[in-house]
Amino acid sequence: MGSEEQAAAMPEATEKQTIGWAAKDSSGHLSPYTYTLRETGPEDVYIKVICCGICHSDLHQVKNDLGMSHYPMVPGHEVVGEVLEVGSAVTKFQAGDIVGVGLLVGCCDNCTHCKSDEEQYCNKKIWSYNDVYTDGKPTQGGFAATVVTHQKFVVKIPDGMSPEQAAPLLCAGVTVYSPLKHFGLTQKGLKGAILGLGGVGHMGVKIAKGMGHHVTVISSSDKKRVEALDHLGVDSYLVSSDVEKMQELADSLDYIIDTVPVFHPLEPYLSLLKVHGKLILMGVINSPLQFMSPVVMLGRKTITGSFIGSMKETEEVLQFCKEKRLTSQIEIVKMDSINQALERLEKNDVRYRFVVDVAGSKLDV
């Protein structure tokens, strides 16, 4: 180990105090909160946060929409930062590296899923916030000055990719990339649709186009037609209430990526799929969805879901976006504007992903 690495390696486990912006109750309002990070172990990476994306699931969590929230809660799971220190057994990173941390920070490492590079489906996975780590301390997310994460759940950001561009790929990007890869939907010439043009949806368009697919955006209104066609480069744009156009598209799609995070009927979209087509659910919805079974049976169609992606797939999507020169469309905000950003996100008033400039913000206001 070189002198720089020795200086970066932590000689012993010590707790560190940090400051983040936390929700204190189900109002979801975030304010400064000082807390202690868990002890940094031999395989841990101590990271100074540069920026962090805002995901729609952050809204669900801070407002306790799923009934599982614990407070105080520091959200944020699209974290990009600079390595400050590494544990003595860390081999993948060193001080100064620009790295990312996504939605997970722990797993059992022994189950079938963990051994198959699908740790996101481990029954003992540990969320980056609103969870409890193995030491009994609550996990807190990336709307904070610093985080400590096991090296397994840290990825290197490719050289030349800006932190702000990398952040949305750690959740939104890999969430789309993973099912396309898993279900064999990566070959050129496929016809797909993205239902809902938000943070995940706009990354779905870019990644699917990067794979050479013919991409249709399906939306509830015409509001995003021009930007979808002219700025995102989609091949067609369909308003879901246009019955005639929906009928013209029947039996034509290989897949639909459904990113809508609120209740909506499935049958109108199932009819658009070819035989063997797949409707892939990605929106977190807290009420039951419904459909008539013949719509699925008569075309051997599949309604399925997918949850973020593995660490391996996260590394892959970062490299894929670098090679294809794909960028996220983001709006950068300071931490003192986080509550307004969450309000706007709830109204779908963002094009297309908020990223918080954590390092450039005054956190203790």
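Small disclaimer: the values here were computed from a predicted structure and weren't measured. FYI, side chains are in, hydrogens and waters are out, and symmetry mates aren't considered; it's all heavy atoms of this structure.
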Taking atom types as modelled, find out whether [X] and [Y] have a side-chain donor-acceptor pair closer than 3.5 angstrom.
{"X": "Glu313", "Y": "Ser178", "value": "yes"}
{"X": "Ser220", "Y": "Ser240", "value": "no"}
{"X": "Thr18", "Y": "Thr146", "value": "yes"}
{"X": "His264", "Y": "Asp258", "value": "yes"}
{"X": "Tyr129", "Y": "Gln61", "value": "no"}

Consider salt bridge (Lys or Arg N to Asp or Glu O under 4.0 Å). Of Lys191, Lys188, Lys274, which one does Asp254 pass it with?
Lys274
For the atom pair [atom1] ([X]) and [atom2] ([Y]), what is the distance rounded to the nearest 0.5 Å?
{"X": "Met211", "Y": "Leu326", "atom1": "CE", "atom2": "CG", "value": "9.5 Å"}
{"X": "Gln140", "Y": "Tyr33", "atom1": "CD", "atom2": "OH", "value": "5.5 Å"}
{"X": "Thr302", "Y": "Leu273", "atom1": "OG1", "atom2": "CG", "value": "9.0 Å"}
{"X": "Thr134", "Y": "Lys124", "atom1": "OG1", "atom2": "NZ", "value": "12.0 Å"}
{"X": "Leu266", "Y": "Ser271", "atom1": "CG", "atom2": "OG", "value": "11.0 Å"}

Given the rule that I, L, V, M, F, W and Y join up when any side-chain heavy atoms are under 4.5 Å apart, are Val284 and Ile303 in one cluster?
no
Can you get from Leu279 to Val296 by hopping between Ile, Leu, Val, Met, Phe, Trp and Tyr side chains that sit under 4.5 Å apart?
yes
Quick one: does any side-chain atom of [X] pair with a main-chain N or O of [Y] as donor and acceptor, under 3.5 Å?
{"X": "Asp357", "Y": "Ile332", "answer": "no"}
{"X": "Gln319", "Y": "Pro158", "answer": "no"}
{"X": "Ser337", "Y": "Val333", "answer": "no"}
{"X": "Ser361", "Y": "Leu363", "answer": "no"}
{"X": "Ser116", "Y": "His113", "answer": "no"}
{"X": "Asn339", "Y": "Glu343", "answer": "no"}
{"X": "Lys125", "Y": "Cys122", "answer": "yes"}
{"X": "Lys301", "Y": "Leu270", "answer": "yes"}
{"X": "Lys206", "Y": "Thr327", "answer": "yes"}
{"X": "Thr139", "Y": "Trp127", "answer": "yes"}

Side-chain contact test, heavy atoms from C-beta onward, threshold under 4.5 Å: evaluate it for [X] versus [Y] and give yes or no.
{"X": "Arg225", "Y": "Val217", "value": "no"}
{"X": "Val99", "Y": "Val80", "value": "no"}
{"X": "Val105", "Y": "Ser128", "value": "yes"}
{"X": "Thr175", "Y": "Ser306", "value": "no"}
{"X": "Ile257", "Y": "Leu195", "value": "no"}
{"X": "His213", "Y": "Lys209", "value": "no"}
{"X": "Ile280", "Y": "Ile256", "value": "no"}
{"X": "Val155", "Y": "Met311", "value": "yes"}

Applying the side chain to side chain donor-acceptor pair (under 3.5 Å) test to Arg353, which of Glu78, Glu164, His56 qualifies?
Glu78
Between Glu43 and Lys152, is the salt bridge (Lys or Arg N to Asp or Glu O under 4.0 Å) condition met? List the steps.
CA-CA 8 Å; Glu43 291 198 74; Lys152 178 181 176 69; over 6 Å; no
Please evaluate residues Leu197 and Ser219 with respect to the criterion side chain to side chain contact (heavy atoms under 4.5 Å, CB included), reporting the C-alpha separation (whole Å), side-chain torsions for both, the decisive distance (0.1 Å), and the verdict.
CA-CA 7 Å; Leu197 192 57; Ser219 187; 5.5 Å; no
Classify the ring geometry between Tyr352 and His202 as parallel (under 30°), tilted (30 to 60°) or perpendicular (over 60°).
parallel
Using the ring of each side chain (for Trp, its six-membered ring), is Phe153 parallel, tilted or perpendicular to His150, with breaks at 30° and 60°?
perpendicular
Between Val86 and Asp97, is the side chain to side chain contact (heavy atoms under 4.5 Å, CB included) condition met? List the steps.
CA-CA 11 Å; Val86 298; Asp97 285 348; over 6 Å; no
Looking at [X], I'd like to know if its [atom1] atom is crowded, meaning that more than 12 non-hydrogen atoms belonging to other residues, nucleotides or ligands lie closer than 6.0 Å.
{"X": "Lys24", "atom1": "NZ", "value": "yes"}
{"X": "Gln290", "atom1": "CD", "value": "no"}
{"X": "Lys92", "atom1": "NZ", "value": "yes"}

Between [X] and [Y], which heavy-atom pair has the shortest distance, and what is it?
{"X": "Ile308", "Y": "Cys171", "answer": "CG2-SG, 4.3 Å"}
{"X": "Gln151", "Y": "Phe93", "answer": "O-CE1, 3.6 Å"}
{"X": "Ser236", "Y": "His214", "answer": "OG-CE1, 4.1 Å"}
{"X": "Ile285", "Y": "Val262", "answer": "CD1-O, 3.5 Å"}
{"X": "Tyr71", "Y": "Ser26", "answer": "OH-CA, 3.3 Å"}
{"X": "Ile207", "Y": "Cys321", "answer": "CG1-SG, 4.5 Å"}

Does [X] pair with [Y] as a salt bridge, N-O distance under 4.0 Å?
{"X": "Lys322", "Y": "Asp159", "value": "no"}
{"X": "Lys137", "Y": "Glu39", "value": "no"}
{"X": "Lys156", "Y": "Glu315", "value": "no"}
{"X": "Lys16", "Y": "Glu85", "value": "yes"}
{"X": "Arg38", "Y": "Asp44", "value": "yes"}
{"X": "Glu227", "Y": "Arg351", "value": "yes"}
{"X": "Asp336", "Y": "Lys362", "value": "no"}

Whether Lys224 engages the ring of Tyr237 as a cation-pi pair (distance to the six-membered ring centre under 6.0 angstrom, angle to the ring normal within 45°) should be assessed.
no
The test is ring-ring contact (aromatic ring centres under 6.0 Å, His included); show your working for Tyr35 and Trp21 and say whether it passes.
CA-CA 10 Å; Tyr35 57 100; Trp21 277 52; over 10 Å; no
Stepwise, does the side chain to side chain contact (heavy atoms under 4.5 Å, CB included) test hold for Val356 with Ile54?
CA-CA 7 Å; Val356 182; Ile54 305 178; 3.7 Å; yes
Dump the intermediate steps for side chain to side chain contact (heavy atoms under 4.5 Å, CB included) on Leu59 and Leu345, then the final yes or no.
CA-CA 8 Å; Leu59 269 176; Leu345 177 59; 3.9 Å; yes
